[in-house]
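Convention: sequence-line order gives letters A, B, ...; per-chain numbering from 1. Note that the structure is a prediction, hence the values are computed from the model and not measured.
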Number of protein chains: 2
Amino acid sequence: MSENPLPILTYSEENYLKAIFHLSEEGKKGVSTNDISTEMKTRPASVSDMLRKLGDKSVIEYRKYYGVHITEDGKKLALQTIRKHRLWEVFLVEKLNFSWDEVHEVADELEHIKSKILIQRLDEYLGFPKFDPHGDPIPDEYGDVRSRPRLPLSEIEISGTGQIVAVKDSSAAFLRYLDKVGAYIGARIKVIDKVEFDGSIEILVDNKKSIFMSKEVVNNILIMQ
Amino acid sequence: MSENPLPILTYSEENYLKAIFHLSEEGKKGVSTNDISTEMKTRPASVSDMLRKLGDKSVIEYRKYYGVHITEDGKKLALQTIRKHRLWEVFLVEKLNFSWDEVHEVADELEHIKSKILIQRLDEYLGFPKFDPHGDPIPDEYGDVRSRPRLPLSEIEISGTGQIVAVKDSSAAFLRYLDKVGAYIGARIKVIDKVEFDGSIEILVDNKKSIFMSKEVVNNILIMQ
DNA sequence: ACTATTTTTTAGTATAGCCTAAATTAATAT
DNA sequence: ATATTAATTTAGGCTATACTAAAAAATAGT
C-alpha cells in the first residue's frame, strides 16, 4: 500500500507512537488524548500538539476530538521500536545478568539507537530469540510477530499444568515479587487448588515448591499449556 | 576540591564537552571557539551559546574572547563519556563482529546511555578491557587512564621492531586502508627501510608481509616497543 | 432537550539548540 | 599606532517539546 519510505521519527515521537500502539492493543477503539497523556506523563495539551505532528507524518490517523488510530506505517515503526526494546532486554538479562525487573528503563533508552546493522548483529549474537525475558514476543525485521497461545493462570483447571510464558503487569514491584517466590518465565507449574470465594490458588512450581497466590497475582500471569 | 555532585549534562552538552576535552589534549593552550565549531560542525555563534551554558555548569572555565579551559569536573565527565564510548567499541568489535572502522558512529550514540550499572556490567562482561579496538586506553570509573608508552612509527629506527598500539587519525578511510594492508592493532612490525627524502618507509608486518607506507600514514601510527 | 461536566484543543509562554546577520573585540600588518 | 582583518559574541529568529490558562467541543445527567 504505502509506496513511500517510512518517515523518520524523533526520539520523542517514537515514544508517543509506542505508547499509542500499546494502548491500541488493549481496547480496540481509538485511543484518547487523556489516555496517552496518562501513559506518557505529559499534559493533554502537549499530546494534542504531538498528535498533529504524528498525523502529518501519517503514522496515525487523527480526527480532532475523536482520538487516534494507528496506521500501517505507524504499526511498522512501533514494532521496530518494540523489537529493539525486547532484543536489548534479552541482551541485558542473558549477557549482562540483569534481573528481569531491572531492564525496562535501560531498554527504553537503548531502543532509540538508530543503527540497523547493530540490531541485526545483536539479534544474531543473541541467537535470534523469539521472546523477551518477560515472555513477550520479539517482532522480526518486518514487524511480524509469532505469539504463542496463552491463557491467564486463573483459567487453568485444578491439576492442570503449563509453563509461565508472560506477565501482564510488568511493574518492578510485581516482577520482584515473582522473583522472590521463584515464578520466573519458563517455570513449569501445576495448579493444586483453587479457592473460589477469593480467587486465590495454590500452585506447584517446578515440581518442588508449593506457593499460594492471590487473585490479583493470578490474573497477571499468563500460561502456555 | 569539588564537594558538589557533578552536574547532569544533556546529550548535546556531553558532545561539546567531549570535543573540548579532545582539543585540550592536543595543544595545551585554551581551546578556541572556532576549533570547537569545526570539530562539532556547528556555527561559531552556536558554540558561544553552548560555552556560556557549560560555563554555568562549571565544567569549563570560560573567559569571553579568550577560549576555554576544561575544569576538573569537566574532565571527569568527559572521561566518563569516553569510557562509555570505548567500552561500547570493544563490545561492537569483539562480540558483534563489527570491523574497527564501523564502530564510531554507533558508539557515538551508545555513549550517551545513562545507566551506571549498565556500564559496570558491560565492563565486567568484556573482561575489564584496558584498551579499545583502536588501541586507545579506557579510563576507569574514576577517570584514571593507564596509557602505554608509545612512539609514532616514524621514530622507529631501521630494523627496530614493535607493535601497533593505536592510530592518531581514526577516520573510516584511514582505518579501511590499514585493514586492507593488514596493519591491525596488535600487529608486530619491523622497520626494514626508511626513505629520507619523502618520509616513506618499508615495514614487515607479522614477519610475513612487507608493505610500503607514505609519510602521511607513518605519522598516524603509534608503536609500543 | 438542555445544562453541567469532562475532554480536548487553541493560544500564548519557556527552554534547548541550532541558525544568519550585525556588532564588537582581538590580532596583524604596515 | 592605527588600520585592516580575523575571531568572537550578541541580537533576533526558527523548530521541537514541554507547560498553563482559556476556549471550544463532546458527553452525561436529569
Peer 1: Tell me whether A/K114 forms a cation-pi arrangement with A/Y11, defined as NZ or CZ under 6.0 Å from the six-membered ring centre and within 45 degrees of its axis.
Peer 2: no
Peer 1: Using nucleotides 1-6 of chain C, report all nitrogen or oxygen pairs with the protein that are shorter than 3.5 Å.
Peer 2:
none

Peer 1: Among side-chain atoms of B/S200 and B/D198, is any donor-acceptor pair under 3.5 angstrom?
Peer 2: yes
Peer 1: Could you tell me how far apart B/L51 (CG) and C/dC18 (C1') are, to the nearest whole angstrom?
Peer 2: 14 Å
Peer 1: Once you round it to whole Å, what is the distance between P of D/dA26 and OH of A/Y66?
Peer 2: 4 Å
Peer 1: May I ask you to evaluate whether B/T10 reaches the phosphate of C/dG17, defined as a side-chain N or O under 4.0 Å from OP1 or OP2?
Peer 2: yes
Peer 1: Checking side-chain hydrogen bond (donor to acceptor under 3.5 Å, both in side chains) between A/H85 and each of A/E111, A/H112, A/Q80, which is the one that passes?
Peer 2: A/E111
Peer 1: Report the distance from atom CG of A/D35 to atom P of C/dT7, rounded to the nearest whole Å.
Peer 2: 10 Å
Peer 1: Of the candidate nucleotides C/dG17, C/dT9, D/dT8, which contains the atom at the shortest distance from the side chain of B/M50?
Peer 2: C/dG17
Peer 1: Atom CE in B/M213, atom OG in B/S154: separation rounded to 0.5 Å?
Peer 2: 12.0 Å
Peer 1: Within the structure, does a side-chain N or O atom of A/S12 lie under 4.0 Å from either OP1 or OP2 of D/dA18?
Peer 2: yes
Peer 1: Considering only D/dA16, C/dT8, C/dC19, which nucleotide approaches the side chain of B/A45 most closely?
Peer 2: C/dC19
Peer 1: When you check the gap from the basic side-chain N to the acidic O, do B/K76 and B/D144 get nearer than 4.0 Å?
Peer 2: no
Peer 1: Report the residue (A/P44 or A/Y65) whose heavy-atom-nearest nucleotide on DNA chain D is the more 5′ of the two.
Peer 2: A/P44
Peer 1: Which listed nucleotide (C/dT10, D/dT20, C/dA26) is nearest to the side chain of A/R43?
Peer 2: D/dT20
Peer 1: Distance from A/L222 atom CG to A/I164 atom CD1, nearest 0.5 Å?
Peer 2: 10.0 Å
Peer 1: Does C/dT24 have its OP1 or OP2 closer than 4.0 Å to a side-chain nitrogen or oxygen of B/K64?
Peer 2: no
Peer 1: Of the nucleotides D/dA18, C/dA27, C/dA16, which has the atom closest to the B/K53 side chain?
Peer 2: C/dA16
Peer 1: Considering every strand and a 4.0 Å limit on heavy-atom distances, what is the contact class for B/S46: base, sugar-phosphate, or nothing?
Peer 2: base
Peer 1: Once you round it to whole Å, what is the distance between P of C/dT7 and CZ of A/R63?
Peer 2: 19 Å
Peer 1: Send over the distance from A/D56 CG to D/dT17 C1', rounded to a whole Å.
Peer 2: 15 Å
Peer 1: Using a 4.0 Å heavy-atom cut-off across all strands, classify B/T42 as base, sugar-phosphate, or nothing.
Peer 2: sugar-phosphate
Peer 1: Please state whether the phosphate of D/dT9, meaning OP1 or OP2, lies under 4.0 angstrom from any side-chain nitrogen or oxygen of B/T33.
Peer 2: yes
Peer 1: Between P on C/dC18 and OH on B/Y11, what's the gap in Å once rounded to a whole number?
Peer 2: 11 Å
Peer 1: What closest approach, in Å, do B/S58 and B/T71 show between heavy atoms, and which atom pair accounts for it?
Peer 2: O-OG1, 2.9 Å
Peer 1: Less than 3.5 Å apart, any donor N or O on the side chain of B/Y16 or B/T42 sitting next to an acceptor on the other?
Peer 2: yes
Peer 1: What integer distance in Å separates A/D49:CG from D/dT15:P?
Peer 2: 14 Å
Peer 1: Assign A/Y16 to base, sugar-phosphate, or nothing according to its heavy-atom contacts below 4.0 angstrom with the strands shown.
Peer 2: sugar-phosphate
Peer 1: When the distance from CZ of A/R52 to P of D/dT17 is rounded to whole Å, what number comes out?
Peer 2: 10 Å
